[in-house]
Amino acid sequence: MFRILKLNTTRAIIQKPIITIPCRMQLLRQLESKCEIPENSEITPVMNEATIRSPEITTAKKIKKDFYVQYLSASPPKTSSAELLSTHFRALSKSETLDFPNLKESLVLLDTVKDNITGDIGSHLLRAIIVLSNRWRDDAVCRDCDFAAALNVVVHAIEKDVHQCSPRSIATIISTLANYSAGLQQQHNRVVQIVANEGAKKIQLFNAQEITNSVAGLAKLGINNKAFVKASIAEAINKAPQFNARGVSNILNSYTNFGLKNDKLFWLFCIFGSQAIKKVHLFKAKSLSETLLSFAKIEMQHTELFRVFGDEALKNPEVFEPQDISNILRSFAKLWIKNDELFCILGNEAINKIHRFNAENLSHMLFSFATLGIRHKELFEAVVSQGYEHYGNFNSQALVNTAAAFAFMDQAHLLIPIISNELESHIFSTENMRLLHIWHISLSSEERASLQPKHQEILSGFSKSFNPASTHLNNIEILLTKSHPEITWTYNYRCPQTRYTVHFASVSERLAVTFNRPSSYVKDSKSRQYHLKGMAQLKQQLLEKYGWKVFQIDYRIWNALKHPLEPDETKTWNTLNRPLELYEANTWNALKLEEAKIEFLHNLIV
C-alpha cells in the first residue's frame, strides 16, 4: 500500500499509491519511525497523482506537518477506533484552519469509543482537545462544540486505565492539564493526583525531561503530591547529568514552589548546582536568572555557583530582559552575596531598558542595591526621569521596597508624590511600617511639612512598629566606662528621632556606639572583603543626620584582641605538674586582654 525509500541521511523518496482512512495511522507511524532525516535536510518527493503532495523543496519537519494537515484532518475516521480518532484530533490541533463540521462530528465520536481509550491514547486526546479549545473556543462557529464534555470523557477514560499509562503519557497528562486546562475553566485535580501516584510507582522509568515536565506541572497546579515529589527528588539526583540547562532551571524552580526544606532537597540543589556550573555556557538568560532565584528562595548560599553565573552574566549583559535583571540582583541580595561589578554592569543595562520595567521588577532591583549597600546614582535618576506612572500600579511591598531604596540613596524626597498617592490605598505589615518610617525620617523637616497632615499622622504612627532591640553587651559598657570615665553611657538607648536602638549612647555628648555582629556584614564574592550591609549604613546615615556622632565596633577587630598566650599554646602545658603557673599566666593574660580592649575603645572614641 505504501513504501518509504531511505536513500541516505539527507534525502528520501516517499511514495504511496493510495491513502485510505484505515491506513492513516499505519502510514503516520512509518513516516515518523523510518524517515529519520536531519532537521534542516532537504527532501525532494516524487510528484505524481498518488504521491503525498508537499512543496517541492521542504524539510522533514515541514513534510510531517503537511502530512498531518492534508491527510489526517481531511475527515473524521469512519471506524470506531480510539487510536485512529486520537490521530485525527492531533492532526486537527496542528492545522492552521478549522473545518467546523469535521470537528463537531469528531467530538461526538469520542463518546462512542470511550471504552477503548487507554491511558496513552487518552494523553494524546487530552492535549489535542485542549489545544483546539484554546485556539477556537471564541470562534463563532465553535459555540456549539462541547469541549468540556469531550474533555470529561477523556479524563474519565484516563482515570479508569491509569495503570497502563507510560511515563511519557503521565508527564503529558500532568503538564497538559497544568498549562491548558484554565482555558476550559477546569482543573481536574483529582485525576492529576491519581496519575501522579501512578507516576511515583514508575518513577525509575522516567527520563529527565519527563521528570521535569511532571514536577513543573504539579507545581503550576499547586498540587504537592508527596509520593511523587519524594520519589522524583531521589530519581532526579540519580539522573542529574541527563538534565540540560533548561531542565535544571525548570526543575529547581518547580521544587521551590512546593515550600519544601529537607535534606534530600538540599542534596539535590547541591548536585544540580555542580551540574549547572559545568553547563553554565549552555544557560540562556531566563534559565540563568531563574536558577539563581531558586537557590535564593530556599536560602542556599552556593557561593561558587553565584560566582560562575555572575561571570557568565557579565559576558553578554545586553541579552537580559528586565525580569532577568531583577531576578539576578534580587538573588544576590537575598543571599547577601555582594558583587559590585555585576551590579554596576546590570544597573547600566537596566538604565537602557528602564522603560520596559514594571513596578514589581523595579522595586526588587532597587531594593537589592540598598540591601547590599551598593550605590548607583545614575540608575535611580533614570527611574525618576521615566515617571512613576509608567511602571504601573505599585502594590504595598513594591512601594515599601522602592521607598527604602531611595532613602538609602539619600533621595527620599523624590518619592513624595507616589507615597502621597498610594499611602491610603494599602495595608502594610509591621516590617513594611518600619521601612516606611525609615523613609519618613529620611526627609528633611521642610520636606515632611510638604506632606498632607493626614499622611504625616499615618507615617508618624508607623514609628510604633520599632521594637527595642535585645542585646547583651554589658561587658563592653563596663569597658567604655573605664576608657571614658568622664562620659555617662546609656545602655540600649532608643533614639527618639529615628527609633533605632543604639547599643551605647551618651545623650549629652550626642555620641553613639554600635557593635556590628557578623549579621551586619556582607561578603564581596570577588574581593572576599566584608562590607557593611545597606540597612546598617542607612542606620548610621540617619543617626548622623540628626546630629549624632556614630562609632562602629567591628566584631572581627574586637575578637582579634587576644591575649599573648594563644589557646593552642596553653594546651601544650602540663597542667598536672604546673597548675599554679598556668593559673597565674591566664590571670595575667585576662588583665592584658582587658587593657587592650580599653585602649582600643579609648582610641576609637575621640
Side-chain angles (χ1 to χ4, degrees), residues 336 338 373 466-524 527-575 578-606:
W336 303 106
K338 191 175 184 182
F466 275 68
N467 295 321
S470 177
T471 55
H472 304 281
L473 301 171
N474 310 67
N475 57 329
I476 298 181
E477 182 183 13
I478 296 172
L479 296 176
L480 273 172
T481 304
K482 291 183 178 181
S483 65
H484 294 82
E486 72 283 2
I487 299 176
T488 302
W489 295 99
T490 302
Y491 182 42
N492 276 348
Y493 175 75
R494 195 175 189 185
C495 176
Q497 295 90 358
T498 65
R499 308 298 290 178
Y500 278 120
T501 298
V502 179
H503 295 144
F504 309 99
S506 171
V507 180
S508 59
E509 302 290 336
R510 306 291 285 178
L511 301 177
V513 179
T514 61
F515 185 85
N516 294 329
R517 295 181 171 85
S519 58
S520 302
Y521 294 91
V522 59
K523 188 176 183 180
D524 192 298
S527 64
R528 305 293 181 182
Q529 298 296 315
Y530 286 88
H531 305 274
L532 215 62
K533 289 180 179 177
M535 290 299 107
Q537 293 182 34
L538 181 57
K539 177 180 177 179
Q540 178 177 351
Q541 181 178 310
L542 291 175
L543 286 170
E544 290 175 346
K545 179 177 181 177
Y546 285 94
W548 290 82
K549 190 173 183 180
V550 183
F551 301 95
Q552 309 272 359
I553 300 178
D554 190 328
Y555 80 97
R556 292 166 298 169
I557 298 176
W558 187 258
N559 293 341
L561 297 171
K562 296 185 182 293
H563 43 77
L565 190 61
E566 295 295 332
D568 291 341
E569 186 180 347
T570 305
K571 292 178 183 178
T572 62
W573 284 33
N574 188 333
T575 57
R578 303 161 66 185
L580 182 60
E581 185 176 357
L582 178 61
Y583 172 79
E584 292 175 347
N586 284 340
T587 303
W588 178 81
N589 284 315
L591 293 173
K592 286 292 184 182
L593 173 61
E594 182 177 315
E595 291 176 7
K597 290 184 175 181
I598 290 173
E599 183 181 359
F600 169 78
L601 293 172
H602 182 79
N603 295 330
L604 175 68
I605 304 170
V606 292

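The structure presented is a predicted model; accordingly, all values stated were derived computationally and were not measured.
Counting only residues at least two apart or on different chains, the salt bridge (Lys or Arg N to Asp or Glu O under 4.0 Å) pairs with a member in residues 479-491 are K482-E594.
With sequence neighbours excluded, the residues forming a ring pair (Phe, Tyr, Trp, His ring centres under 6.0 Å) with W548 are Y493, listed by chain and number. With sequence neighbours excluded, the residues satisfying side chain to side chain contact (heavy atoms under 4.5 Å, CB included) with Q537 are R375, F408, L532. For K539, the side chain to side chain contact (heavy atoms under 4.5 Å, CB included) criterion is met by Y500, T514, L543, not counting sequence neighbours.
How far CZ of R517 is from CD1 of I553: 11.0 Å, rounded to the nearest 0.5 Å. Note that the CD atom of E544 and the CZ atom of R510 stand 12.5 Å from one another [nearest 0.5 Å]. Distance check, rounded to the nearest 0.5 Å: CZ of F551 to CD of Q540 gives 10.5 Å.
In terms of heavy atoms, L479 sits closest to K597 at CD1-CB, 3.9 Å. Closest heavy-atom contact between H484 and W489: O-NE1, 4.0 Å. When all heavy atoms of A512 and V502 are compared, the closest pair comes out as CB-CG1, 3.5 Å.
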Side-chain polar contacts of residues 598-606 - donor-acceptor pairs under 3.5 angstrom, sequence neighbours left out - could you list them?
| from | atom 1 | to | atom 2 | distance (Å) |
| --- | --- | --- | --- | --- |
| H602 | ND1 | S483 | O | 3.4 |
| N603 | ND2 | E599 | O | 3.2 |

